> 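Okay, here's the structure, questions in a sec.
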Amino acid sequence: MKRADTKPQGVSLPPEVRPGQSIELLQELHILTRDGKLNQDSRRKLKQVYHLYQFIEPLLKEVEQDHPGISLVDHGAGKSYLGFILYDLFFKGLDDGSRIYGIETREELVQKSTELAQRLGFPGMSFLNLSVAESTRSDQLPARIDIVTALHACNTATDDAIDFALKKHAKFMVLVPCCQAEVASVLRKNKGKDLGKSALTEIWRHPLHTREFGSQVTNVLRCLQLEAHGYQVNVTELVGWEHSMKNELIIASYKNLPRKRPTERLQEVLATLGLEEMGQRFYSEKLAEAETMSAG
């Protein structure tokens with residue numbers, strides 16, 4: 001199997017490129033030109049990649065200290081841009097069975113990523129042609145996953161990724177939510193009966209505000225859901241990700257924190273905004289346990 005060269009013969013690499021990186025990979029991702037150069041756009045793209053990596057690297061190191069064999073699932077992987085960078089910067093130096101799984105619904109992208117991993121000599125990468133929801137039930141994935149990422153997984157795919165991570169008992173989640181319309185559609189549907197409840201309903205009276213408020217509320221509900229499962233949640237701005245208007249980064253770390261208050265707040269927010277019908281999507285650990293017992 002061919003191993004990607006780290007530095008082409010006779011090529012002086014830009015100082016921005018980290019030592020030991022696969023130059024072939026950076027070329028395949030169109031960050032470096034064929035002669036190993038950076039233009040202004042690709043220099044910005046490389047800066048963005050390293051910026052995102054600085055959030056994920058400490059999580060990888062924490063899992064590594066806990067046990068050998070890190071498992072990471074990247075949902076809505078697309079061309080597996082994130083997975084390849086993580087593997088190149090961190091995983092390729094490991095020899096402990098660590099693996100990255102890229103989940104993607106477009107079969108042609110899964111095939112291309114599989115071929116690229118083989119060409120680069122990245123044996124610890126797998127790509128599965130599944131939806132996020134399907135992956136939760138798939139026997140092609142381990143019963144437990146350490147880290148779950150979902151960058152710009154559109155609409156409900158982010159919620160499916162959270163559901164996957166909760167059921168796989170993930171220690172960490174790294175989420176950059178994308179276009180989310182489901183909550184806004186429920187707000188819109190119930191607008192007529194809700195507008196008389198209080199002056200606060202003015203926040204989503206106008207269609208543009210309904211969409212924007214719905215997007216904000218969606219991420220608030222996601223954070224409460226994670227906290228209601230014992231996670232510590234940090235929300236920050238993904239500074240430097242200029243090519244995306246969606247710039248919110250949610251990092252969840254399982255700390256076995258008290259669930260009572262966030263569970264109550266989650267239910268209160270749903271009730272206050274007339275979103276009770278979404279309780280199955282934004283569920284608490286208490287609700288999940290109750291459903292499991294009734295099903296049994």
Side-chain angles (χ1 to χ4, degrees), residues 1-64 70 72 74-95 98-100 102 104 109 112-125 127 147 149-153 172-178 234-251:
M1 182 180 291
K2 178 180 179 291
R3 184 85 186 181
D5 294 329
T6 56
K7 183 176 179 181
Q9 291 295 322
V11 173
S12 178
L13 294 175
E16 292 91 342
V17 176
R18 294 191 180 193
Q21 276 223 256
S22 166
I23 303 309
E24 184 179 351
L25 172 62
L26 295 180
Q27 290 170 335
E28 289 285 349
L29 298 178
H30 305 293
I31 290 176
L32 286 180
T33 61
R34 287 299 159 192
D35 57 355
K37 304 297 183 185
L38 281 170
N39 58 35
Q40 193 58 38
D41 181 62
S42 59
R43 181 173 279 105
R44 184 169 60 249
K45 187 183 292 185
L46 187 63
K47 180 183 175 183
Q48 292 165 353
V49 168
Y50 289 156
H51 180 74
L52 180 58
Y53 179 68
Q54 78 179 21
F55 289 104
I56 301 177
E57 183 185 27
L59 312 183
L60 292 168
K61 288 182 175 179
E62 188 170 331
V63 174
E64 185 181 31
I70 304 168
L72 183 147
D74 182 29
H75 282 298
K79 297 178 181 178
S80 294
Y81 195 98
L82 174 64
F84 277 114
I85 290 295
L86 290 176
Y87 194 92
D88 190 38
L89 290 176
F90 194 90
F91 281 72
K92 76 178 181 184
L94 304 177
D95 187 23
S98 293
R99 181 163 292 274
I100 292 178
E104 172 56 45
L109 295 183
K112 286 180 180 178
S113 294
T114 301
E115 292 170 356
L116 179 58
Q118 291 174 348
R119 192 160 68 248
L120 293 171
F122 287 0
M125 297 192 79
F127 305 94
I147 302 176
T149 61
L151 304 190
H152 307 125
F172 298 110
M173 300 180 215
V174 179
L175 312 167
V176 179
C178 193
N234 292 305
V235 183
T236 187
E237 189 178 18
L238 193 55
V239 180
W241 211 254
E242 294 93 345
H243 73 279
S244 173
M245 293 178 66
K246 304 297 181 182
N247 207 27
E248 186 170 339
L249 174 66
I250 300 172
I251 299 177

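If you're wondering where the values come from, they're calculated on a predicted model, not measured in any experiment.
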> For K61, what residues pass the salt bridge (charged side-chain N to carboxylate O under 4.0 Å, His left out) criterion, not counting sequence neighbours?
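For K61 the salt bridge (charged side-chain N to carboxylate O under 4.0 Å, His left out) partners, ignoring immediate neighbours, are E57.
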> Who are the salt bridge (charged side-chain N to carboxylate O under 4.0 Å, His left out) partners of E115, not counting sequence neighbours?
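Applying salt bridge (charged side-chain N to carboxylate O under 4.0 Å, His left out) to E115 gives none.
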> Please enumerate all residues that pass side-chain contact (heavy atoms from CB on, under 4.5 Å) together with S98, with sequence neighbours excluded.
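Testing S98 for side-chain contact (heavy atoms from CB on, under 4.5 Å), a comparison that skips the adjacent residues, returns I70, F91, L94, D96.
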> When you look at I85 and L52, which way does the side-chain contact (heavy atoms from CB on, under 4.5 Å) test go after all the steps?
CA-CA 10 Å; I85 290 295; L52 180 58; over 6 Å; no
> Excluding sequence neighbours, so at least two apart, what forms side-chain contact (heavy atoms from CB on, under 4.5 Å) with L38?
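Testing L38 for side-chain contact (heavy atoms from CB on, under 4.5 Å), a comparison that skips the adjacent residues, returns P14, E16, I31, L32, S42, R43, L46.
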> Return yes if some donor-acceptor pair links the side-chain N/O of E248 with the main-chain N/O of E237 below 3.5 Å, else return no.
no
> Applying side-chain contact (heavy atoms from CB on, under 4.5 Å) to V49 and L29, what does each step give before you reach the verdict?
CA-CA 11 Å; V49 168; L29 298 178; over 6 Å; no
> To the closest 0.5 Å, what do you measure between CZ (F55) and OG1 (T149)?
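Taking CZ in F55 and OG1 in T149, the distance rounds to 14.5 Å.
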> Do any N or O atoms from the side chain of Y87 and from the backbone of A117 form a donor-acceptor pair under 3.5 angstrom?
no
> Who are the side chain to side chain donor-acceptor pair (under 3.5 Å) partners of T236, not counting sequence neighbours?
none
> Rounded to the nearest 0.5 Å, what's the gap from CG on L59 to CG on L72? Could you check?
9.5 Å
> First locate atom CD of Q27, then atom NZ of K37, and finally report the distance between them rounded to the nearest 0.5 Å.
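Going from the CD atom of Q27 to the NZ atom of K37 covers 12.0 Å.
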> Decide side-chain contact (heavy atoms from CB on, under 4.5 Å) for D74 and I147; before the verdict, give the C-alpha distance in whole Å, the side-chain angles of both, and the deciding distance to 0.1 Å.
CA-CA 9 Å; D74 182 29; I147 302 176; over 6 Å; no
> Report yes if the side chains of I56 and F90 come closer than 4.5 Å at any heavy-atom pair, otherwise no.
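The answer is no; the side chains never approach within 4.5 Å.
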> Could I get the full list of side-chain contact (heavy atoms from CB on, under 4.5 Å) partners for S113, not counting sequence neighbours?
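Checked S113 against side-chain contact (heavy atoms from CB on, under 4.5 Å); matches are S80, F84, F127.
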> Run the side chain to side chain donor-acceptor pair (under 3.5 Å) test against D88 and tell me which residues pass, sequence neighbours left out.
Q21, K92
